[in-house]
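Take a look at the structure below.
The sequence lines fix the lettering, A, B, ..., with proteins before strands; numbering per chain opens at 1.
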Amino acid sequence: MSVWSFDTETWLIQPGLLAPPLVCGSIAAAAPGSERLLDKAQARQFFREAIAAPDTHLVGANLAYDLGVMAADDPRFVAPIFAALEAGRLHCVQIREALIDIARGLYGVDPSTGRKLDDDEGARYPLALLVQRYLGFDISEDKKNPKAWRLRYAELDGVPVERWPTEAAEYPKRDARYTLDVFFRQEAVARETSNDGNLHAEADQMRAAFALHLASIWGLRTNGDSVAVLRERVEREWGENRAKFQAAGIYRADGTKDSKRLAALVTAAYDGQPPITAPSDRFPEGQVATDRDTLLGSGDALLEDLGKSGRVDKYKSTYLDVVEAGTSLPINPRFNVLVSTTRVSSDYQQLPQKGGIREVHEARPGFVYCSVDYGGLELRTMAQRAIWELGFSKMAEALNSGLDVHTLAAAEFLGASYDELLPKVKAKEPLAVAFRQLAKILNFGKGGGMTGGSLVYNARAKDRVSFCLLAKRADVCGVERVVVTVQRKPKRVCRACVEVAKELDTKWLNAWPEQRELQHRAKSRTYGGGFADVMIPGANILRGGCGYTQILNTPFQGLGAVGCKLAMWRVSREMYVDRRSPLYGSRLVLMVHDELISELLADDAQRMHDAAERKAYLMREAMKETTPDLAPAIEAEPALSRIMSKDVATVRDSSGQLLVWEPPTKRAA
DNA sequence: TGCGCCGGCGCC
DNA sequence: AAAGGGCGCCGGCGCA
């Protein structure tokens, strides 16, 4: 087996161009002095041979980027790249470091300070950091220099390498050397780390990283007319808000917010005893809270108004310019393939469901969006986790029998039978619907360690269930209040409500007895505020240093991510290299935890249908393998649309053929 | 002026 | 005894 590091130098990355033209490559083998600069032709030749050689491994720093460059340089590289990833022959020192740090409980943390690592354009483990960690010297100066060659290789494109300045020729060789040295030192460190530093999971993460990078390269388009309408509306509403609150001094004349003034107003509205935020290093006593809920509960008309009007600020500052850019060039979302739970993170996973931001995204001409998400994924992974850890799960039994687990838990709360309650839920009887809604909050949150106080608060915030009504003591609500902690923030809730919540806790644990045992185990493992290591089942990825709630959360969140990544890989592979698949030629555009969004080729209605069904099938199969004891309960159906929207639904004609969903307004017109 | 921290809030 | 988790982005503030 031979191991080479491989790095490319390219033209600059630009909006809409994440795989810019290749200029040169650099490689290094284990032997000192083996590093070489390769001109464009040599780089192609090296890559062509190495990517196809069954005993050759390639190592990179953010290798997915270089793979994207090579794939764009020559489409004939695409298939061998997929094959090499399948074979586990490609490596990335950044992914490896994340895996090792997760095992240590130090993901994204600087061990010397305990603080979060800076994000370097989305990369939490840039090569400079790894060189510092493993080789003990500082190359960050190279990065800061705006005249550095690393940003200027386009100038050298076409110039014979013999005529390059020394520094331009040396820099790529150095990086190749560093990368491979880091790689081997990671091997040694991993051997000394619990669970071998999780490195056996590297290949899965590499595959996911490449699939995600291809999605980034392809990007998303937006509709110019829609964006113009959106901008007009958002800016008008924003202007109205600003005018309204400027008079009270909440906004200054220059349009910025006066947070101190706002805090003073909140303090006054709460008669000197405002809700405060959690203590921090800088503010050991906490600060005056100014969140929406605090404002809405202030009893002050103006502050309540402000609480209701929060959203357009966010739309304007976060999304407007981005979606506008998408009208002329693809928006390239950025993905981080591996965060501490094995989930994916991205700057494009938080598109608001309301407010019309999603709706400006439109599939390219000749394509249609296809969204497939898993139904209730984390309930299934939670149940699978229980089976693996305890040997049983009532929730798994219910899900596999096709029962609605929210109605089932609600029946437990009401002391009713499932068969009795289900028709009432279907008939939309208010009490039945309210209790099912309540059960949903518990099913969703309690498995992660949610407390009674938080439950009351969440139910109240959603304005769906009156706990005092449940207590048949409506008179006390709002009178006798106790402070509870909700996501590290103190909140005041009614004492009677908390008592009800405790009863519901017990009933919920009766419905899912495996949860009682899981909680008991998590408690005993963190007795006295301790921390413990947790295994993400299936992937056998160890997450170190977990507190109580993380012990409960990590396994089912991580297991879901594992299955989604497997599905994403298989879907992407058919899209890019399997000419016989109906998915061939279609493109993944987003992954949002339990959902894969693609642009499917839409020129042929039958193939579009087949592609959508194939994608959903691959997703179901991947998750069935990931959660084998929940196989009968895995649900994933395709929905087609021209634009993105939370309202997009599966639409079929009478023969079952998939149709493209149309927004309601369009149908009316 | 730049940077880090913090609160707040969007999503799953 | 207590405790949903995971993210990323933005603006404001305070410090250097």
> When the distance from CD1 of I597(A) to P of dC12(B) is rounded to whole Å, what number comes out?
Replying inline: 9 Å
> Rounded to the Å, how far apart are D594(A) CG and dC7(C) P?
Replying inline: 17 Å
> Phosphate oxygens OP1/OP2 of dG7(B): is one of them under 4.0 Å from a side-chain N or O of T277(A)?
Replying inline: yes
>> For the residue pair W569(A) / D204(A), report whether a side-chain donor-acceptor contact shorter than 3.5 Å exists.
In response: no
> Just how far, in rounded Å, is C1' of dG7(B) from CG of D313(A)?
Replying inline: 14 Å
> Hey, is the side chain of R124(A) poking within less than 4.0 Å of OP1 or OP2 on dG8(C), counting only N and O atoms?
Replying inline: yes
> Counting any heavy atom closer than 4.0 Å, what does G447(A) reach on the DNA or RNA strands: base, sugar-phosphate only, or nothing?
Replying inline: nothing
>> Please pick, from dG8(B), dA1(C), dC5(B), the nucleotide with the shortest atom-to-atom distance to any side-chain atom of R115(A).
In response: dC5(B)
> Between dG4(C) atom P and I441(A) atom CD1, what is the distance in whole Å?
Replying inline: 14 Å
> Counting any heavy atom closer than 4.0 Å, what does Y348(A) reach on the DNA or RNA strands: base, sugar-phosphate only, or nothing?
Replying inline: nothing
>> Among dG8(B), dC12(B), dG4(C), which nucleotide has an atom closest to any side-chain atom of V592(A)?
In response: dC12(B)
> Does a side-chain N or O from Q550(A) land closer than 4.0 Å to OP1 or OP2 of dG5(C), or not?
Replying inline: no
>> Among dC10(C), dC7(C), dG10(B), which nucleotide has an atom closest to any side-chain atom of Q350(A)?
In response: dG10(B)
>> I want to verify a distance call: between dG4(C), dG4(B), dC9(B), whose nearest atom is closest to the F556(A) side chain?
In response: dG4(C)
> Is a donor-acceptor pair below 3.5 Å formed from side chain N553(A) to base dG4(C), judging by atom type as modelled?
Replying inline: yes
>> Considering every strand and a 4.0 Å limit on heavy-atom distances, what is the contact class for L377(A): base, sugar-phosphate, or nothing?
In response: nothing
>> Show the nearest heavy-atom pair for residues L303(A) and A269(A), with the distance to one decimal.
In response: CD1-CB, 3.8 Å
> For dC10(C), does either OP1 or OP2 sit under 4.0 Å from a side-chain N or O belonging to R311(A)?
Replying inline: no
>> Checking contacts here: which listed nucleotide (dA2(C), dG6(C), dC7(C)) is nearest the side-chain heavy atoms of K523(A)?
In response: dA2(C)
>> Base, sugar-phosphate or nothing for D373(A)? Non-hydrogen atoms, less than 4.0 Å.
In response: nothing
>> Of the listed nucleotides (dC9(B), dC13(C), dG10(B)), which one gets closest to any side-chain atom of R282(A)?
In response: dC13(C)
>> Should the side chain of Q557(A) and the base of dG5(C) be counted as holding a donor-acceptor pair, with the cut-off at 3.5 Å?
In response: yes
> Among dC6(B), dG12(C), dG4(C), which nucleotide sits nearest the side chain of S259(A)?
Replying inline: dG12(C)
>> Can you measure L509(A) atom CG to dG4(C) atom C1' for me and round it to whole angstrom units?
In response: 14 Å
> What nucleotide, of dA3(C), dG10(B), dG6(C), holds the atom closest to the side chain of T451(A)?
Replying inline: dA3(C)
> Counting any heavy atom closer than 4.0 Å, what does E595(A) reach on the DNA or RNA strands: base, sugar-phosphate only, or nothing?
Replying inline: nothing
>> Between R543(A) and N198(A), do the side chains contain a donor N or O and an acceptor N or O under 3.5 Å apart?
In response: no
> With a 4.0 Å cut-off on heavy atoms, is A522(A) in touch with a base, just the backbone sugar-phosphate, or nothing at all?
Replying inline: nothing
> Starting at OH of Y315(A) and ending at P of dG10(B), how long is that distance when rounded to a whole Å?
Replying inline: 7 Å
>> So, does R543(A) get its side chain near the phosphate of dG6(C), meaning an N or O under 4.0 Å from OP1 or OP2?
In response: yes
>> Quick check: F444(A) with H406(A) (ring centres under 6.0 Å apart)?
In response: no
> Where each residue is assigned the nucleotide of DNA chain C containing its nearest heavy atom, which of Y251(A) and K116(A) is assigned the position nearer the 5′ end?
Replying inline: K116(A)
>> Please classify the nucleic acid contact of G528(A) as base, sugar-phosphate, or nothing, using heavy-atom distances under 4.0 Å.
In response: base
> Does the side chain of K260(A) get closer than 4.0 angstrom to OP1 or OP2 of dG14(C) through an N or O atom?
Replying inline: yes
>> Taking any heavy-atom pair under 4.0 Å as a contact, classify Y374(A): base, sugar-phosphate, or nothing.
In response: nothing
> Taking only side-chain nitrogens and oxygens of S340(A), does any of them come within less than 4.0 Å of OP1 or OP2 of dC7(C)?
Replying inline: yes
>> Can a side-chain donor-acceptor contact be found between Q287(A) and T277(A) if the only test is distance below 3.5 angstrom?
In response: no
> Rounded to whole angstroms, how far apart are CE on M450(A) and P on dA2(C)?
Replying inline: 17 Å
>> Counting only side-chain nitrogens and oxygens, does T290(A) get under 4.0 Å of the OP1 or OP2 atom of dG8(B)?
In response: yes
> Across the strands shown, which category fits R261(A) at heavy-atom distances under 4.0 angstrom: base, sugar-phosphate, nothing?
Replying inline: nothing
>> Hydrogens and angles aside, do D300(A) and S298(A) bring a side-chain donor and acceptor to less than 3.5 Å of each other?
In response: no
>> Can you work out whether Y107(A) or K257(A) has the more 5'-proximal nearest nucleotide on DNA chain C?
In response: Y107(A)
>> Does dC10(C) have OP1 or OP2 under 4.0 Å away from a side-chain N or O of T318(A)?
In response: no
>> Quick check on dC5(B): is either OP1 or OP2 less than 4.0 Å from any side-chain nitrogen or oxygen of Q287(A)?
In response: no
> Is R343(A) near enough to dC12(B) that one of its side-chain N or O atoms lies under 4.0 angstrom from OP1 or OP2?
Replying inline: no
> Do R104(A) and D101(A) meet the salt-bridge criterion of a basic N to acidic O distance under 4.0 Å?
Replying inline: yes
> OP1, OP2 of dC6(B) versus side-chain N and O of S280(A): anything below 4.0 Å?
Replying inline: yes
>> Testing the 3.5 Å rule here: is there a donor-acceptor pair between the side chains of E595(A) and S371(A)?
In response: yes
>> Without decimals, in angstroms, what is the distance between L262(A) CG and dC13(C) P?
In response: 10 Å
>> Side chains of Q515(A) and K394(A): any donor to acceptor distance under 3.5 Å?
In response: no
